[in-house]
**Q** 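I'd like to ask some things about the structure below.
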Amino acid sequence: MNAYAPILVLGALGAGFAIFSVVMATLVGPKRYNRAKLEAYECGIEPTPTPAGGGRFPIKYYLTAMLFIIFDIEIVFLYPWAVTFDALGIFGLVEMLLFVLTVFVAYAYVWRRGGLEWD
C-alpha cells in the first residue's frame, strides 16, 4: 500500500484543486446574465430549432472522429514500444516499422480521398 500512497495523494490533490476552482469561480465570479450569455453557443452562428427527432450530423463529423481515434491509438502503441526499444532489439524495430507503414498507408489513402479537408 505504501507504493500507491503518492499516487493517491496526487489524485486527491488534483481532485481537491478541481473542486476548489469550480466552487470559487461560482462564488467569486461575476453574475451579469444577459440574453446573449444565456443562449447556446454555436460558434457565432445563430442557433436554429432542431427537428422533432433530433438533427442529423454530417458524415464528415464521424469520419473526422474515427481518424482521430486511429491516430490516437497509434500513439498509444508507440509509447510502450519506445520504452522497451532496447529490450526488443531488431525484431521490435521491424515490427514497429511495419505498424507505422500500415498506418501511413491508411493516412495516405484518407489524404488522397480528401478526408482531411473540411468543407
Side-chain angles (χ1 to χ4, degrees):
M1 187 65 176
N2 288 337
Y4 294 108
I7 296 172
L8 293 174
V9 169
L10 184 63
L13 283 173
F17 178 74
I19 292 169
F20 175 77
S21 298
V22 170
V23 169
M24 289 308 292
T26 304
L27 295 175
V28 179
K31 294 170 183 60
R32 290 175 290 227
Y33 299 110
N34 58 30
R35 184 174 172 258
K37 280 190 177 183
L38 295 176
E39 283 189 16
Y41 179 68
E42 304 251 352
C43 300
I45 301 171
E46 289 293 324
T48 58
T50 57
R56 289 188 172 191
F57 286 99
I59 193 71
K60 203 74 156 168
Y61 174 79
Y62 296 107
L63 290 175
T64 304
M66 286 190 295
L67 285 174
F68 172 76
I69 289 171
I70 287 170
F71 293 114
D72 193 39
I73 289 172
E74 178 187 7
I75 296 300
V76 166
F77 283 127
L78 281 173
Y79 277 119
W81 171 79
V83 169
T84 61
F85 177 70
D86 289 336
L88 294 174
I90 194 74
F91 174 75
L93 179 64
V94 170
E95 289 297 320
M96 189 49 69
L97 285 176
L98 288 174
F99 176 71
V100 170
L101 180 68
T102 305
V103 173
F104 180 73
V105 167
Y107 176 71
Y109 174 76
V110 169
W111 189 359
R112 175 98 172 143
R113 295 280 308 221
L116 301 176
E117 296 174 10
W118 194 266
D119 295 327

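Position 1 is the first residue of the sequence, and the numbers go up from there.
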**Q** Please list all pairs passing the ring pair (Phe, Tyr, Trp, His ring centres under 6.0 Å) test where one or both residues lie in residues 84-108, with sequence neighbours left out.
**A**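 Qualifying pairs, neighbours excluded: Phe71-Tyr107, Phe77-Phe99, Trp81-Phe85, Tyr107-Trp111.
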**Q** Rounded to the nearest 0.5 Å, how far does CG of Leu10 lie from CD1 of Ile7?
**A**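 Rounded to the nearest 0.5 Å, the CD1-CG separation comes to 8.5 Å.
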**Q** According to a hydrophobic-cluster definition based on side-chain heavy atoms being under 4.5 Å apart (Ile, Leu, Val, Met, Phe, Trp, Tyr only), do Val110 and Ile75 belong together?
**A**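 Yes, Val110 and Ile75 fall within the same hydrophobic cluster.
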**Q** Would you call Leu88 and Leu93 a side-chain contact if the rule is heavy atoms closer than 4.5 Å?
**A**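 No, side chains not in contact.
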**Q** Do you know which two heavy atoms are closest between Asn2 and Pro6, and how far apart they sit?
**A**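 Smallest heavy-atom distance, with atoms named: O-CD, 3.6 Å.
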**Q** Side-chain donor-acceptor contacts of residues 13-31 below 3.5 Å, not counting sequence neighbours, with atom names and distances?
**A**
| unit_1 | atom_1 | unit_2 | atom_2 | d |
| --- | --- | --- | --- | --- |
| Ser21 | OG | Phe17 | O | 2.8 |
| Thr26 | OG1 | Val22 | O | 2.8 |
| Lys31 | NZ | Thr26 | O | 2.8 |
| Lys31 | NZ | Leu27 | O | 3.3 |
| Lys31 | NZ | Gly29 | O | 3.3 |

**Q** To the nearest 0.5 Å, tell me how far Met96 CE sits from Leu101 CG.
**A**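 One gets 12.5 Å once the value is rounded to the nearest 0.5 Å.
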**Q** If hydrophobic clusters are built from ILVMFWY residues whose side chains come within less than 4.5 Å, do Ile73 and Val83 share one?
**A**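 No, it is not one cluster - the side chains of Ile73 and Val83 are not joined through contacts under 4.5 Å.
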**Q** State yes or no: do Leu98 and Leu78 share one hydrophobic cluster built from I, L, V, M, F, W and Y residues joined by side-chain heavy-atom distances below 4.5 Å, directly or via other members?
**A**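 They do share one cluster, since a chain of ILVMFWY contacts under 4.5 Å joins Leu98 to Leu78.
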**Q** So if you build clusters from Ile, Leu, Val, Met, Phe, Trp, Tyr with side-chain heavy-atom gaps below 4.5 Å, do Val76 and Ile70 land together?
**A**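 Not linked; separate clusters.
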